[in-house]
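Note that the structure is a prediction, hence the values are computed from the model and not measured. Index from 1, following the sequence.
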Amino acid sequence: QAQLAESGGGLVQAGGSLRLSCAASGRTFSSYAMGWFRQAPGKEREFVAAVNWSGSSTYYGDSVKGRFTISRDNAKNTVYLQMNSLKLEDTAVYYCAAGRYYSGIYREGAVDYWGQGTQVTVSS
């Protein structure tokens with residue numbers, strides 16, 4: 001059974017950094033586009049970042065451009081989200097996602113697999 005498992009969340013001060021990891025298991029995700037979404041309390045889930053199957057192309061949501069970096073290591077079946085210059089408004093549960101279509105993975109409807117989420121809390 002295919003699974004995505006996030007790790008690396010936690011509590012960090014504003015201006016700090018965290019790196020999230022998403023380990024895939026149960027199948028090979030090397031041909032899938034991978035992405036990150038987040039959901040803050042009382043808000044809808046929001047697209048954060050996506051990477052294509054090889055790692056050669058990425059794109060980001062406007063709120064994180066220039067601060068977050070998505071990458072992947074297909075040999076390890078793992079996707080990463082490096083988060084720098086964290087702000088209070090980055091506080092959310094972060095979800096890993098996998099989908100077959102890179103250009104469309106920013107839409108929840110294009111996601112085939114979801115992780116269970118990891119909490120990121122940014123404090124002042």
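Ionic pairing of K65 and D62 is present here: one or more N-O contacts between side-chain nitrogen and carboxylate oxygen are shorter than 4.0 angstrom.
Within the 3.5 Å criterion, the main-chain N or O of S25 finds no donor-acceptor partner in the side chain of N77. A donor-acceptor pair is defined here as one N or O able to donate and one able to accept, closer than 3.5 Å; no such pair exists between the side chain of Q13 and the backbone of S123. N52 places a side-chain N or O within 3.5 Å of a backbone atom of S57 that can act as its donor or acceptor partner.
Checked by atom type, the side-chain pair S56/S54 shows a donor-acceptor distance below 3.5 Å. For the residue pair S63 / R38, a side-chain donor-acceptor distance below 3.5 Å is found, with atom types taken as modelled. A donor and an acceptor atom, one from each side chain of T78 and D73, are nowhere located under 3.5 Å apart.
Across M83, R67, Q82, a single residue satisfies side-chain contact (heavy atoms from CB on, under 4.5 Å) together with S17, and that is Q82. Screening L18, L86, N84, T58 for a side-chain contact (heavy atoms from CB on, under 4.5 Å) involving F68 leaves a single residue, L86.
With contacts defined as side-chain heavy-atom distances shorter than 4.5 Å, the pair Y80/T69 does not qualify. Residues R100 and D112 are in side-chain contact: their nearest non-hydrogen atoms beyond the backbone lie under 4.5 Å apart. You'll find the side chain of E46 stays beyond 4.5 Å of the side chain of F37, heavy atoms only. At least one side-chain heavy atom of V79 sits under 4.5 Å from a side-chain heavy atom of I70.
Contact detail for A98 and M34: the closest heavy-atom pair is CB-SD, 3.5 Å. Residues V111 and A97 approach most closely at CG1-CB, 3.6 Å, considering heavy atoms. Considering every non-hydrogen atom in both G9 and L20, the closest pair reads N-CD2, 3.6 Å. Contact detail for E6 and Y95: the closest heavy-atom pair is OE2-CA, 3.3 Å. Across all their heavy atoms, V122 and T91 have their closest contact at N-OG1, 2.9 Å. Heavy atoms only, all atoms of each residue included: A92 and A40 are closest at CB-N, 3.8 Å.
One hydrophobic cluster, built from ILVMFWY side chains closer than 4.5 Å, cannot hold both I105 and V48; they sit in different ones. Linking Ile, Leu, Val, Met, Phe, Trp and Tyr whenever their side-chain heavy atoms come within less than 4.5 Å puts V51 and Y60 in one cluster. The cluster map of Ile, Leu, Val, Met, Phe, Trp and Tyr, joined by side-chain heavy atoms under 4.5 Å apart, puts V64 and L88 in the same cluster. Cluster membership for V93 and V12, using ILVMFWY side-chain heavy atoms within less than 4.5 angstrom, is not shared.
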Take W114 and R45 through the test side-chain contact (heavy atoms from CB on, under 4.5 Å) and record every step on the way to the result. CA-CA 12 Å; W114 289 99; R45 191 148 50 183; 3.8 Å; yes

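Taking the six-membered ring where tryptophan is involved, the planes of Y59 and F47 are tilted, since the angle between them lies from 30° to 60°.
Ring to ring, Y102 and Y32 are not that close: their centroids are 6.0 angstrom or more apart.
Counting non-hydrogen atoms of neighbouring residues, nucleotides and ligands closer than 6.0 angstrom, the CD atom of E44 reaches no more than 12 such neighbours.
Separation of atoms OH (Y94) and OG1 (T118) is listed at 10.5 Å; rounding is to 0.5 Å. Between atom CZ of residue F29 and atom SG of residue C22 there is a gap of 8.0 Å, rounded to the nearest 0.5 Å.
W53 does not carry R72 over the face of its six-membered ring by the limits of under 6.0 Å from the centre and within 45° of the normal.
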